[in-house]
Amino acid sequence: MMTPRVAAIHDMSGFGRCSLTVAIPILSAMGVQCCPLPTAFLSTHTGGFEGFTFLDMTDEMSKVADHWASLGLTFQAVYSGFLGSERQIGVVENFICRFRGPDTVVVVDPVMGDNGKAYSTVTPEFIDRMRTLCQRADLILPNVTEAGLLLRKETFPENFDEAGAQALADELTTLAPDAIVTGVAMGKYIGCAGAGRDRFVIKKLHIERSFPGTGDLYGAVLIGSLIQGNVMSAAADNAAEFVSLAIQKTPYDQDTRFGVWFEP
Ligand code: PXL
């Protein structure tokens, strides 16, 4: 049997535990080969560091795709995350068209913001393009802020009950056949809600600390778990549990910008 393979289209941020520096080790530890297609190389993620470097790799991406196609490579999953520009979204759409086989799962994490705010690089045009990319996915993984942007919500509750979380996930299936909304605050709990083939709400105790990269941790474990043969709700529970444990492993006095201690 061949080792399952995932094409991971994210940035590589050298410091701060997010995107590829999370996806590669986690998928590898789960028995899945992660083939990185970097969108950019940054010295750190953009969540709170001053003066980070940013090397755009858009022009390189199509060349990598051409070479992979010439080798006849196929993937069990294509997993996209942080993207730097509208043009880059087009490159990802093209990649999906070329590499989607009958058994490929296309997972789009529409990374655009958090805690009620869009990231500084995100324009209305970018949101429209990201919505189109989501419509080409089998599964989308927005957090609550990104769900609001995708669904054009003007106002959004900070706190949900289970029915409200489920309803939000249901609404997201107007974009893709399966959807999971993450980082949903539900009173003393935080969790995720899924809709599509599987409908569920998962809750974990809410630890009042916020870190960059936890969405990437969630996505990597979810995909690894799906490839291992779990149904969506079980994979989502594994992912939420892993994020929760990693946060618990992270000392209180650590700078939150450094990310969570998922290595142990
Ligand atoms: O974890 C999301 C993410 C990925 N990549 C970069 C980021 C962020 C969040 O801030 O800045 C470069």
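Order of listing sets the numbers, starting from 1, for every ligand and every atom in it.
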Tell me if a side-chain donor or acceptor on [X] pairs with a main-chain N or O of [Y] at a distance below 3.5 Å.
X	Y	answer
S43	T53	yes
Q254	G259	yes
R17	F258	yes
R131	L150	yes
T44	F15	no

Students should be able to answer this: which protein heavy-atom is nearest to [atom], and at what distance?
atom	value
atom 1 (O) of ligand 1	D216 OD2, 2.7 Å
atom 11 (O) of ligand 1	T46 OG1, 2.7 Å
atom 8 (C) of ligand 1	F82 CD1, 4.2 Å

What atoms of ligand 1 come within less than 4.0 Å of a heavy atom belonging to [X]?
X	value
S13	12 (C)
Y119	9 (C), 10 (O)
C18	1 (O), 4 (C), 5 (N)
L42	12 (C)

Checklist entry - Considering distance alone, does some N or O of H45 sit under 3.5 Å from an N or O of ligand 1? => result no
Item to check | ligand 1 to D11 polar contact by distance, N or O atoms, under 3.5 Å | outcome: yes
Checklist outcome for this item: Those residues at least two apart in sequence (or on a different chain) that pass ring-ring contact (aromatic ring centres under 6.0 Å, His included) with F160 are F156
Checklist entry - Do the rings of F95 and W68 sit parallel, tilted or perpendicular, given the 30° and 60° boundaries? => result perpendicular
Checklist entry - Taking the non-hydrogen atoms of G213, is any one of them nearer than 4.0 angstrom to ligand 1? => result yes
Item to check | Steps toward salt bridge (charged side-chain N to carboxylate O under 4.0 Å, His left out) verdict (D66, K63) | outcome: CA-CA 5 Å; D66 288 346; K63 294 188 233 167; over 6 Å; no
Checklist outcome for this item: So for P212 against ligand 1, with non-hydrogen atoms under 4.0 Å, the contacting part is neither
